[in-house]
Amino acid sequence: MAVHRRGSSMHDATALSIAVIGAGPTAVAALESLIHSRNIIGPDVPLDVTVFDPSPHPWCGHSFASDRPEALTNTYTSDMSVRHWQPEHVGFWLKATGNAEFAGNNFAPRSLIGQYFKESAQQAASRLGGFVFIREQVTGVAVIDDRARVHTQNGGFPFDYAILSVGRSDKFDPYGLEGQENFCIRPYPLKDALAGVDPDEHIGIIGTGLTAVDLVMALKADKHRGRITLFSRNGLLPAVRPPSLNYELQRFTVKGIEDIAAAKGGLTLEDIVHLVHEELDHACTSPEPLTEEIFPTRYGIDRLRHQLMHIDDGRKAYSILIKTLLVLQDAWYFLNPADKARAAGFRHIYCSLCCPMPRFRAAQLLGLAEAGQLDVVRGVRSMAKDASGQFVAVAADHPPLHFDRVFSAGSSGTEPDPMAIPLVNSLLRSGQGRAHPVGGLAIERTTSRLLDVHSRPQPRLYAVGTMTSGAFQVLNGYSVLRLRTGHIADAILKHHRERRDRRSRHRAEALTEDALGRRHP
């Protein structure tokens, strides 16, 4: 067991002890949120936090580990702040480290943001009353005697609260190619994935999202000469990011969603569409551009070329849609399972629109395509190696595709990290967690508390991220995840304060009764 300890021992009896299971970027936001909520709700409360994660890349994961500059963040840098209440925090750090050109509405190298995550985690740990990092896999969590007991292979550890922050699987292998020579299942770090690539190889990339774009840009930087083919079921590249829009949502708000759900006892897809139309009407813009994107007639390079040509043609509706990402989390929570299943059919469209790529990258992709080096193919049904050792892909209405090397750049979607499965199973077996019918664990919307088998919120247990995929639609939105850690931190500190105040009242009442008893025997 590798343990890194700072501050108080595990645990200070007077401190509020919290376990954070998973040490990715969301865990960094959780540390910051706990300190922020403590400072507001209970400034006299010492915080003692223990983080569990066996990952070789704590705080940044594979995606934000040290890497090549072509690996860029998926969103504007300001959306990568670890503080939900201070989006400019990451900008301050970038300026202080001599990287001011990446601040604000710009895109920074992933490795640079990974360094920001790591330094932020270290600074947050230094502001805690106690901090312990245990490099072990958590195999189970259970509430016993009003304590959250976290189990690893080396025993159990009692805490006041536990936050489950385990990420999704970083493997995507739809054709069962793992282990085969010249197949790379993990695209990050790029510097490792692209080591040994011959510049004349024909490259196949499974996936057409932002990770695939990173791979293409790195190959371009290496002056790769061979053909590059991106393929996916739908053949949709990330949309081209429209100009930034200074606009605050007026109709499509959390309160608007809550009001509809309260009045109707739930929410339908039709309600969401109607509310989006109300927002667009208020903004005096037409929904037609969105309709064209949601029901596309163009794919691959053709769609990319069209978007680049029309990116400045009043794309206000599209910019507003991107701003709905935070509110759509609450909307998703209220949707019934049938409508969630309907909406899942549009997930690829939504990912393309709400995780767009910078215009300069779109232009580079189009340049490669027009030079005859890059292609995008949809509808690939199968892929396997032939007798010569080449990968052969079969796609609808397309001749067989042959590749010397294949990279996986697709998303595992809502599939959790395999190391989380024993943890989830332990909660389901004990009844202290309940499976959500659409995936992941069921949680309370406003606090992210786990719901037990009787749908009762568990004030000692919380979850954020992929493990809540049925309750919240989880996308590549760090701003969504950091906000959820704020809700969790507030709930923990409020629950702790209420229990402490209740104990103080009971003690005061007992002392009063005792004094009265002595006075009047």
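What you see is a predicted model, and the numbers here were worked out from it, not measured in a lab.
Of the possible polar contacts, none joining the His454 side chain to the Arg456 backbone as a donor-acceptor pair under 3.5 Å is found.
Between the side chains of Tyr478 and Asn74, no donor-acceptor pair of N or O atoms lies under 3.5 Å. Between the side chains of His495 and Tyr161, at least one donor-acceptor pair of N or O atoms lies under 3.5 Å. His496 and Arg499 are not linked by any side-chain donor-acceptor pair at a separation below 3.5 angstrom, with hydrogens and angles left out of the test. Side chains of Asn106 and Thr77: no donor on one and acceptor on the other come within 3.5 Å. At a cut-off of 3.5 Å, with distance as the only test, a side-chain donor of Tyr116 or His89 sits close to an acceptor on the other residue. A side-chain N or O of Thr97 and one of Asn99 form a donor-acceptor pair less than 3.5 Å apart. At a cut-off of 3.5 Å, with distance as the only test, no side-chain donor of Asp79 or Ser479 sits close to an acceptor on the other residue. If you check the side chains of Glu444 and Thr447, you find a donor sitting under 3.5 Å from an acceptor.
Ring orientation note: the planes of Tyr333 and Phe472 are tilted relative to one another, at an angle of 30° to 60°. Ring geometry for Phe183 versus Phe391: interplanar angle of 30 to 60°, hence tilted. Classification of the Trp59-Phe131 ring pair by plane angle, with boundaries at 30° and 60°, yields tilted.
With contacts defined as side-chain heavy-atom distances shorter than 4.5 Å, the pair Phe407/Ile203 qualifies. The shortest distance between side-chain heavy atoms of Pro437 and Pro337 falls below 4.5 Å.
Taking OG from Ser448 and CG from Leu164, the interatomic distance works out to 11.0 Å, rounded to the nearest 0.5 Å.
Ion pair Asp490/Arg484 not flagged as a salt bridge, since none of the NZ, NE, NH1 or NH2 atoms sits closer than 4.0 Å to an Asp/Glu carboxylate oxygen. Salt-bridge check for Arg445 with Glu258: passed, with a basic side-chain N closer than 4.0 Å to an acidic carboxylate O. In this structure, Arg68 does not pair ionically with Asp192, as no charged nitrogen and carboxylate oxygen lie closer than 4.0 Å. By the 4.0 Å N-to-carboxylate-O rule, Arg497 lies too far from Asp44 to be salt-bridged with it. Using a 4.0 Å cut-off between charged side-chain N and carboxylate O, Arg434 and Asp452 make no salt bridge.
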**Message:** Using the rule given for side-chain hydrogen bond (donor to acceptor under 3.5 Å, both in side chains), can you reason through Asp214 versus Thr211, listing the C-alpha separation, both sets of side-chain angles and the distance that settles it, and then say yes or no?
**Reply:** CA-CA 5 Å; Asp214 280 353; Thr211 301; 5.5 Å; no
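Between Phe102 and Phe107, the ring centre distance reaches or exceeds 6.0 Å.
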